[in-house]
Amino acid sequence: MRQEDIWDADAAERYDTPGVGMFAPEVLGPTVDRLAALAGGGAALEFAVGTGRVAVPLAERGVPVTGIELSTAMIDKLRTKVDEAALPVVVGDMATTVAPGAYTLVYLVFNTISNLLTQAEQVACFHNAARHLGPGGRFVIELWVPELRQLPPGRQATVWHCEPGYVGLDTYDVLRQHVVSHHFRFGEGTEAQVFRSPHRYVWPAELDLMAQLAGFELESRHADWAGGEFTAESRSHVSVYRLP
C-alpha cells in the first residue's frame, strides 16, 4: 500500500470531522496553542500537512505556515479552506522534499512519521527537519506509544477502539516493526466499509536516537499537547527536539 494511493480523493473527503475527534476543540486548541508558542514568533513548516487541520488555525493565529504534502487529493481539500498565498504547500514526501524559506519550527502531528515505513526513511525525516532549521530551531513530533503489552503471545492483532458503528484494530508484524491499522465502519445492514493504513511503529528511545543522528537534543516530552506528564502508562507523546 503506497501512501499516495491510500490518501486518495475518497480518503481526503472523509478525513475532516469538524467539531469531533481530531477536530474537537479540546484536541485542536491545545495543539495550536503549543505550536504557536514553540514557533516563537518565527515561521512554521508542517510535514504532511494534509487538509490543514492544524496548519489553518495555526496560520490564523498569525504564525506563517508552509506545508509539505505527498497527496494532491489532500491538498485539493486544503485549498477549499485557504489559498496558496495564505498557506503555501510543496508537493512531495516529508523525508526528502525541501520547502523554501527559513523556519523556527518544523512539526509532525497525529502519528504521521509512522507513515514512513523504514527506519532509514524516518532517520531521513529528522535530517530533513534539521535542514530547514537554524540554531535553536525545534522539531516537534506527536506519536503513539506501541501497545505491544496488549498483544498476547501468539496473537497478531489488537482491538484498540470499539463503539457503535465503528471498530478499530491493528495487526502487527513485530519482526519489521510494522502495523496495519484497520478502520471498520458499519450501519444497520450487513455490509461494512474498511480503511487500512500501514505504519512503522517507533519507541521513544529509538526516536531520540534518530534525533541525535540529525543533531537534535530532546528538549521535552509530555503525554499530550497540554503538557501532561509522560509516564509508563501514556498511550502517546509530544516530543520537542531542539538544535543547539
Side-chain angles (χ1 to χ4, degrees), residues 3 22 27-28 30-40 42-50 52-55 57-58 63 65-70 92-99 103-134 136-147 177-179 181 197-232 234-244:
Q3 295 296 335
M22 293 185 297
V27 174
L28 195 52
T31 305
V32 174
D33 289 344
R34 184 82 187 282
L35 290 172
L38 290 169
L45 174 64
E46 181 172 351
F47 283 176
V49 69
R53 178 181 71 95
V54 173
L58 185 60
V63 178
V65 182
T66 298
I68 291 176
E69 175 56 52
L70 184 63
D93 72 276
M94 56 189 162
T96 60
T97 301
V98 177
Y103 304 93
T104 59
L105 175 69
V106 178
Y107 65 93
L108 266 172
V109 296
F110 205 67
N111 309 321
T112 313
I113 194 170
S114 69
N115 290 354
L116 299 171
L117 299 182
T118 68
Q119 186 184 69
E121 288 176 311
Q122 291 172 345
V123 169
C125 183
F126 272 89
H127 283 280
N128 198 29
R131 183 180 296 122
H132 288 90
L133 295 166
R138 292 181 172 95
F139 183 32
V140 183
I141 293 179
E142 178 187 20
L143 186 62
W144 96 98
V145 177
E147 296 186 335
Q177 288 184 213
H178 278 188
V179 57
S181 291
S197 59
H199 306 270
R200 181 183 187 269
Y201 60 83
V202 192
W203 301 101
E206 184 184 4
L207 206 67
D208 292 349
L209 183 56
M210 293 179 184
Q212 291 181 39
L213 293 173
F216 288 101
E217 300 172 349
L218 178 64
E219 183 174 76
S220 66
R221 172 168 290 135
H222 294 97
D224 52 42
W225 291 99
E229 181 184 3
F230 180 73
T231 71
S234 297
R235 297 185 63 184
S236 63
H237 60 94
V238 176
S239 297
V240 180
Y241 298 99
R242 190 174 187 271
L243 288 179

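Along the sequence shown, residues are numbered consecutively beginning with 1. The figures that follow rest on heavy atoms only: side chains count, while hydrogens, waters and symmetry mates do not.
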| request: For the pair Glu206 and Arg200, find out whether any cationic side-chain nitrogen is under 4.0 Å from an anionic carboxylate oxygen. | output: yes
| request: Assess whether side chain to side chain donor-acceptor pair (under 3.5 Å) is satisfied between Thr96 and Asp93, documenting all intermediate values. | output: CA-CA 6 Å; Thr96 60; Asp93 72 276; 2.7 Å; yes
| request: Provide the closest heavy-atom pair for Val63 versus Gly42 in the form atom of the first, atom of the second, distance. | output: CG1-O, 3.7 Å
| task | Taking all heavy atoms of Asn111 and all of Ser114, pick out the closest pair and write down the distance. | result | O-OG, 2.6 Å
| task | Could you walk me through whether Asp224 and Val238 pass the side-chain contact (heavy atoms from CB on, under 4.5 Å) test, one step at a time? | result | CA-CA 6 Å; Asp224 52 42; Val238 176; 5.5 Å; no
| task | Answer yes if the side chains of Tyr103 and Arg138 hold a donor-acceptor pair under 3.5 Å, and no otherwise. | result | no
| query | Do the rings of Tyr241 and Phe139 sit parallel, tilted or perpendicular, given the 30° and 60° boundaries? | reply | tilted
| query | Between Gln177 (side chain) and Tyr201 (backbone), is there a donor-acceptor pair under 3.5 Å? | reply | yes
| said: Measuring from atom CG of Leu105 to atom CG of Leu133, what distance do you get when rounded to the nearest 0.5 angstrom? | reply: 7.5 Å
| request: First locate atom CD of Glu229, then atom OG of Ser234, and finally report the distance between them rounded to the nearest 0.5 Å. | output: 7.5 Å
| Considering residues, nucleotides and ligands other than Phe230, do more than 12 of their heavy atoms fall under 6.0 Å from its CZ? | yes
| note | Tightest non-hydrogen contact, residues Val65 and Ala55, listed as CG1-CB, 3.8 Å
| query | Side chains of Val109 and Met22: closer than 4.5 Å at any heavy-atom pair? | reply | no
| request: Would you mind telling me which of Leu116, Asn115, Asn128 makes a side chain to side chain contact (heavy atoms under 4.5 Å, CB included) with Phe47? | output: Asn128
| request: Look up atom CD in Glu219 and atom OG in Ser239, then write down how far apart they are to the nearest 0.5 Å. | output: 11.5 Å
| request: Output, in order, the C-alpha distance, side-chain angles, deciding distance and verdict of side-chain contact (heavy atoms from CB on, under 4.5 Å) for Phe126 and Ile113. | output: CA-CA 10 Å; Phe126 272 89; Ile113 194 170; 3.8 Å; yes
| said: Closer than 3.5 angstrom, by distance alone: can the side chain of Thr104 be matched with the main-chain N or O of Ala39 as a donor-acceptor pair? | reply: yes
| request: Using side chain to side chain contact (heavy atoms under 4.5 Å, CB included) as the criterion, point out the one residue from Val106, Leu108, Leu70 that pairs with Met94. | output: Leu108
| field | For Val49 against Glu69, the heavy-atom pair lying closest together | value | N-OE1, 3.3 Å
| query | Just by distance, do the side chain of Glu147 and the backbone of Arg235 share a donor-acceptor pair under 3.5 Å? | reply | no
| How about Val140 and Arg34: do any of their side-chain heavy atoms sit closer than 4.5 Å? | no
| Going by heavy atoms in the side chains, are Leu117 and Pro198 under 4.5 Å from each other? | yes
| Point-to-point distance, once rounded to the nearest 0.5 Å, from CG of Leu143 to CG of Leu207 | 6.0 Å
| field | Between Glu46 and Tyr107: side-chain donor-acceptor atoms closer than 3.5 Å | value | yes
| Say you draw a straight line from CG of Leu218 to CG of Leu209; how long is it, rounded to the nearest 0.5 Å? | 12.5 Å
| Does any non-hydrogen side-chain atom of His199 lie less than 4.5 Å from one of Ser181? | yes
| message | Using every non-hydrogen atom in the two residues, find where Val98 and His132 come nearest and quote the distance to one decimal. | response | CA-NE2, 3.5 Å
| said: Measuring only between side-chain heavy atoms, which start at C-beta, is Leu35 closer than 4.5 Å to Trp225? | reply: yes
| message | Would you say CZ of Arg131 has more than 12 non-hydrogen atoms from neighbouring residues, nucleotides or ligands within 6.0 angstrom? | response | yes
| remark: Smallest heavy-atom separation, Leu45 atom then Ile68 atom, equals CD1-CG1, 4.1 Å
| said: In the structure I gave you, are the side-chain heavy atoms of Val179 and Pro146 within less than 4.5 Å of one another anywhere? | reply: no
